[in-house]
Amino acid sequence: MSGSYYIKQLKQVLGDDEGKHVGQDIKNIVILTGAGVSAESGIDTFRSAGGLWEQHKVEDVATPEAFARDPDLVLRFYDMRRERIQQVEPNAAHYALARLDAAWSGNLLLVTQNVDDLHERAGTQRLLHMHGEHLNAWCNACDARHRWRETLMDRPACPACGISGQLRPDIVWFGEMPYRMDEIYHALNQADLFVSIGTSGAVYPAAGLVREARQKGIKTLELNLEPSHGTSWFEESRHGPATLMVPAWVTEILGG
Ligand code: OAD
């Protein structure tokens with residue numbers, strides 16, 4: 001894309017015929033990522049053909065009711081997922097976002113729906129996991145959370161309270177409240193730009209953030225392999241693989 005989309009937009013909004021580097025005008029950024037950003041690292045997405053929710057029923061493995069009914073099935077599913085994410089590496093999209101986080105002097109919050117740790121392994125620091133983390137275990141007995149790389153299937157004892165069989169994956173299941181929504185809305189209230197990357201826009205409240213952004217007059221950009229469910233809400237959508245689209249956009253917004 002020649003020049004910068006943002007500079008053109010800002011010229012229209014600000015009447016700035018000289019044009020300015022985008023970094024001088026966009027100060028605060030909220031980025032939402034989903035499974036698409038980790039797909040090229042080898043982690044299955046949820047809703048694509050052959051994706052996780054075709055292989056497993058949501059109601060069998062991703063609800064509190066499923067865990068109460070058949071904890072072995074649920075724990076085995078998450079043990080496999082936890083093992084898998086430890087076998088893969090961050091990709092160029094994760095690294096580009098980490099580069100942006102390090103270079104961006106304004107506010108930036110990367111909100112991820114992903115429960116892998118690839119953003120932090122790539123180096124992003126201003127990061128929030130709204131759907132929990134595979135590498136955390138949460139004790140139903142004492143409420144403590146612990147970094148956890150091993151299996152839960154064998155019902156280990158909680159390191160804090162010592163009670164066995166009470167640790168669950170620290171994953172937000174369907175019917176549960178995503179984490180840290182107050183912080184997400186606070187960041188969005190101050191944002192000049194909202195960017196959604198690699199998410200189908202099928203799961204709320206994450207899918208509703210673009211509408212919130214539009215209502216507040218915040219610029220919106222989608223980077224996804226294909227149009228998402230919410231694509232019409234975005235001022236601009238760019239389609240292609242995250243490992244190409246994200247580094248190109250980061251280079252653009254950082255001004256080269
Ligand atoms: P989905 O599987 O619903 O959507 C992934 C999106 O990424 C799709 O729109 C794909 O087209 C796109 N995509 C696939 N490969 C890509 C690539 N290489 N580059 C760019 N885009 C690509 O995953 P999410 O939207 O993240 O929740 O799903 C949201 C939530 O639903 C998840 O956090 C999870 C799931 O149920 C919980 O587990 C609570």
Side-chain angles (χ1 to χ4, degrees), residues 31-67 74-75 77-82 84-85 88-97 110-119 122 127-136 138 168-181 184 194-210 221-234 236-250:
I31 301 166
L32 174 71
T33 64
V37 85
S38 295
E40 289 163 89
S41 289
I43 299 184
D44 289 340
T45 62
F46 294 94
R47 293 176 182 77
S48 32
L52 274 179
W53 294 155
E54 260 188 27
Q55 300 166 35
H56 308 269
K57 284 190 189 157
V58 168
E59 53 272 29
D60 287 344
V61 295
T63 66
E65 293 77 16
F67 188 49
V74 174
L75 291 175
F77 174 76
Y78 286 100
D79 280 354
M80 284 167 54
R81 308 289 307 146
R82 192 180 309 102
R84 177 69 190 142
I85 67 155
V88 302
E89 300 296 330
N91 64 46
H94 298 107
Y95 284 115
L97 292 171
L110 200 170
V111 177
T112 188
Q113 299 169 87
N114 296 345
V115 291
D116 62 54
D117 63 340
L118 296 180
H119 281 307
L127 174 69
L128 182 160
H129 281 275
M130 68 181 293
H131 288 166
E133 298 176 59
H134 273 316
L135 296 184
N136 274 356
W138 178 20
R168 60 164 271 185
D170 189 10
I171 301 289
V172 175
W173 286 326
F174 285 88
E176 297 182 325
M177 187 63 82
Y179 296 152
R180 301 170 66 179
M181 291 309 298
I184 295 170
F194 173 74
V195 186
S196 173
I197 304 173
T199 174
S200 62
V203 174
Y204 285 80
L209 294 177
V210 63
L221 169 67
E222 170 173 81
L223 305 177
N224 205 47
L225 192 60
E226 59 199 354
S228 70
H229 293 290
T231 199
S232 60
W233 286 93
F234 290 88
E236 188 190 2
S237 292
R238 301 180 190 176
H239 302 133
T243 54
L244 293 180
M245 305 304 284
V246 178
W249 169 68
V250 167

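Just follow the structure's listing: the first ligand is 1, and inside any ligand the first atom is 1. On a predicted model such as this, the values are computed, not experimentally measured, just so you know. The first residue in the sequence is number 1, and the count goes up from there. What's counted below: heavy atoms across the whole structure, side chains too, no hydrogens, waters or symmetry copies.
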| said: Show the atoms of ligand 1 that are less than 4.0 angstrom away from any heavy atom in Ala39. | reply: 15 (N)

| message | A side-chain contact here means heavy atoms from C-beta on lying under 4.5 Å apart; do Tyr179 and Asp170 qualify? | response | yes

| Any idea which part of Glu40 is under 4.0 Å from ligand 1, heavy-atom wise: side chain, backbone, both or neither? | side chain

| message | Restricting to non-hydrogen atoms, name the atom on Pro247 and the atom on Ala242 that form the minimum distance, rounded to 0.1 Å. | response | CD-O, 3.4 Å

| query | For ligand 1, which part of Val203 has a heavy atom less than 4.0 Å away: the side chain, the backbone, both, or neither? | reply | side chain

| Which atoms of ligand 1 have any heavy atom of Glu226 under 4.0 Å away? | 9 (O), 10 (C), 11 (O)

| Out of curiosity, Arg82 CZ to Glu133 CD, how far, rounded to the nearest 0.5 Å? | 12.0 Å

| task | Return the residue, atom name and 0.1 Å-rounded distance of the protein heavy atom closest to atom 5 (C) of ligand 1. | result | Gly198 O, 3.8 Å

| field | Numbered atoms and elements of ligand 1 in range of Pro241, under 4.0 angstrom, heavy atoms | value | 19 (N)

| task | Note the single closest protein heavy atom to atom 39 (C) of ligand 1, along with its residue, its atom name and the distance in Å. | result | Val172 O, 2.9 Å

| query | For ligand 1, is there an atom lying under 4.0 Å from some heavy atom of Ala207? | reply | no

| query | What protein heavy atom is closest to atom 29 (C) of ligand 1, reported as residue, atom name and distance in Å? | reply | Gln113 OE1, 3.3 Å

| query | Relative to the heavy atoms of Leu225, which atoms of ligand 1 are at a distance of less than 4.0 Å? | reply | 11 (O), 13 (N), 14 (C), 15 (N), 16 (C), 20 (C), 21 (N), 22 (C)

| said: For a side chain to side chain contact (heavy atoms under 4.5 Å, CB included) check, start with the C-alpha distance between Glu222 and His239, then their side-chain angles and the critical distance, and finish with the verdict. | reply: CA-CA 8 Å; Glu222 170 173 81; His239 302 133; 3.8 Å; yes

| remark: Of all protein heavy atoms, the one nearest atom 28 (O) of ligand 1 is Arg47 NH1, 3.1 Å

| Heavy-atom nearest neighbour in the protein, as seen from atom 32 (C) of ligand 1, with distance rounded to 0.1 Å | Phe46 CE1, 3.5 Å

| said: Please report the interatomic distance CH2(Trp53) to OG1(Thr45), rounded to the nearest 0.5 Å. | reply: 11.0 Å

| query | Step by step, would you call Ser38 with His119 a side chain to side chain donor-acceptor pair (under 3.5 Å)? | reply | CA-CA 9 Å; Ser38 295; His119 281 307; 6.0 Å; no

| note | Of all protein heavy atoms, the one nearest atom 27 (O) of ligand 1 is His131 ND1, 3.5 Å

| Out of Gly36, Ala35, Ser196, Ser41, who gets a non-hydrogen atom closest to atom 17 (C) of ligand 1? | Gly36

| ligand 1 atoms in contact with Gly34 (distance to a heavy atom under 4.0 Å) | 26 (O)

| field | Shortest protein contact, atom 25 (O) of ligand 1 (heavy atom only) | value | Thr199 OG1, 2.6 Å

| query | What is the nearest protein non-hydrogen atom to atom 12 (C) of ligand 1, stated with its residue, atom name and distance? | reply | Asn224 OD1, 3.4 Å

| field | Per atom 4 (O) of ligand 1, closest listed option by heavy atom (Ser48, Pro178, Ser200) | value | Ser200

| task | Output yes when the distance from some N or O of ligand 1 to some N or O of Ile171 is under 3.5 Å, and no in every other case. | result | no

| note | Tightest non-hydrogen contact, residues Ala202 and His229, listed as CB-CD2, 3.7 Å

| Proximity flag Phe174 to ligand 1, non-hydrogen atoms under 4.0 Å | yes

